[in-house]
Colleague: 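Can you keep this structure in mind? I'll have questions shortly.
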Amino acid sequence: MAEDTVPRDDNEIASEAEAAIAELFEAYSAGFDDYDGEAVADCFAFPAVIWQFGKGNVFVDEEDLQENIEKLFSALEKEGVVRSEYSVLSAHVSGEVALVSLAWVQSDANDEPVFEFTCHYQLLFDDDEWLIAMIVNEH
């Protein structure tokens, strides 16, 4: 049997998905740390939905989302945020969909927390990569 036709078990597939999802969130976090709106937007599938402060917003494309990201960066910069770190609260992968909950701490240059919050992400496996389709921000 050719190597590329060897059946893979569910654990192997899950491990690959978990590694790819971890890479997605590392890129997402790095985009915030670098104030790089394009890097953050590259983590999304479109249309994307972000729920925060009791309101849902639909972003139809990257340009639409970029406007929101720039406003967010302005607020973070005003508060002196230089680092965004997360911990995984829960994760579930089912085929081409994943649900991930992260606890975030955004800190200033003195490592003092400025913002602490939880976000719940719905991810889609699209075109060979995991992307954020929806965020529910819990303050």
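For clarity, every value in this text was computed on a predicted model and none was experimentally measured.
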Colleague: Quick one: which residue pairs count as a ring pair (Phe, Tyr, Trp, His ring centres under 6.0 Å) with a foot in residues 79-98, not counting sequence neighbours?
Modeller: Tyr86-Trp104
Colleague: Assess the residue pair Phe73 and Asp36 against the criterion (side chain to side chain contact (heavy atoms under 4.5 Å, CB included)); give the C-alpha distance rounded to whole Å, side-chain angles, the decisive distance to 0.1 Å, and a yes or no.
Modeller: CA-CA 9 Å; Phe73 282 170; Asp36 183 344; 5.6 Å; no
Colleague: When rounded to the nearest 0.5 angstrom, what distance separates CD1 in Ile132 from CG in Leu65?
Modeller: 9.0 Å
Colleague: If I compare all heavy atoms of Pro113 with all of Ser107, which pair ends up nearest, and what's the gap?
Modeller: CA-OG, 4.0 Å
Colleague: With hydrophobic residues grouped by side-chain heavy-atom distances under 4.5 Å, do Val97 and Val49 end up in a single group?
Modeller: no
Colleague: Would you say Met134 ends up clustered with Leu131 if hydrophobic residues are merged whenever their side chains have heavy atoms under 4.5 Å apart, either directly or through other cluster members?
Modeller: no
Colleague: Between Glu138 and Phe117, does the side chain to side chain contact (heavy atoms under 4.5 Å, CB included) criterion hold? Intermediate values first, please.
Modeller: CA-CA 6 Å; Glu138 186 181 312; Phe117 55 94; over 6 Å; no
Colleague: Atom CG of Asp126 and atom CZ of Phe46: how far apart are they, to the nearest 0.5 Å?
Modeller: 11.5 Å
Colleague: For the side chain of Ser29 and the backbone of Ser84, is there at least one donor-acceptor N/O pair under 3.5 Å apart?
Modeller: yes
Colleague: Are any of the side-chain heavy atoms of Leu123 and Val100 separated by less than 4.5 Å?
Modeller: yes
Colleague: Show the nearest heavy-atom pair for residues Val58 and Pro47, with the distance to one decimal.
Modeller: CG1-CB, 4.1 Å
Colleague: Can you tell me how far the CG atom of Leu124 sits from the CD atom of Glu129, to the nearest 0.5 Å?
Modeller: 11.0 Å
Colleague: Any link between Ile135 and Leu76 through a network of hydrophobic side chains (Ile, Leu, Val, Met, Phe, Trp, Tyr) touching at under 4.5 Å?
Modeller: yes
Colleague: Pick out which of Trp51, Phe44, Phe25, Trp130 makes a ring pair (Phe, Tyr, Trp, His ring centres under 6.0 Å) with Tyr121.
Modeller: Phe25
Colleague: Checking Asp108 side chain against Asn110 main chain: does a donor-acceptor pair fall under 3.5 Å?
Modeller: yes
Colleague: In Å, rounded to the nearest 0.5 Å, how long is the span from CD of Glu23 to SG of Cys43?
Modeller: 11.5 Å
Colleague: Determine yes or no for a side-chain-to-main-chain donor-acceptor pair under 3.5 angstrom, with Asn137 supplying the side chain and Cys119 the backbone.
Modeller: no
Colleague: With sequence neighbours excluded, tell me which residues meet side chain to side chain contact (heavy atoms under 4.5 Å, CB included) with Glu85.
Modeller: Arg83
Colleague: Is there a chain of hydrophobic side chains (I, L, V, M, F, W, Y, each step under 4.5 Å between heavy atoms) that links Val136 to Leu24?
Modeller: no
Colleague: Could you walk me through whether Val82 and Asp33 pass the side chain to side chain contact (heavy atoms under 4.5 Å, CB included) check?
Modeller: CA-CA 6 Å; Val82 298; Asp33 288 351; over 6 Å; no
Colleague: Could you work out, with side chain to side chain contact (heavy atoms under 4.5 Å, CB included) as the rule, every residue matching Glu63, not counting sequence neighbours?
Modeller: Asp61
Colleague: Which pair of non-hydrogen atoms, one from Tyr35 and one from Glu77, has the smallest distance, and what is that distance?
Modeller: OH-N, 3.3 Å
Colleague: Drop me the distance from Leu102's CG to His120's NE2, to the nearest 0.5 angstrom.
Modeller: 9.5 Å
Colleague: Checking side chain to side chain contact (heavy atoms under 4.5 Å, CB included) for the pair Ile50/Asn68: CA distance, chi angles, key distance, verdict?
Modeller: CA-CA 10 Å; Ile50 299 177; Asn68 186 8; 4.3 Å; yes
Colleague: I'd like to check Ile21 versus Val93 (side-chain heavy atoms, cut-off strictly below 4.5 Å). Are they in contact?
Modeller: yes
Colleague: What is the distance from atom CZ of Phe59 to atom CD of Glu67, rounded to the nearest 0.5 Å?
Modeller: 9.0 Å
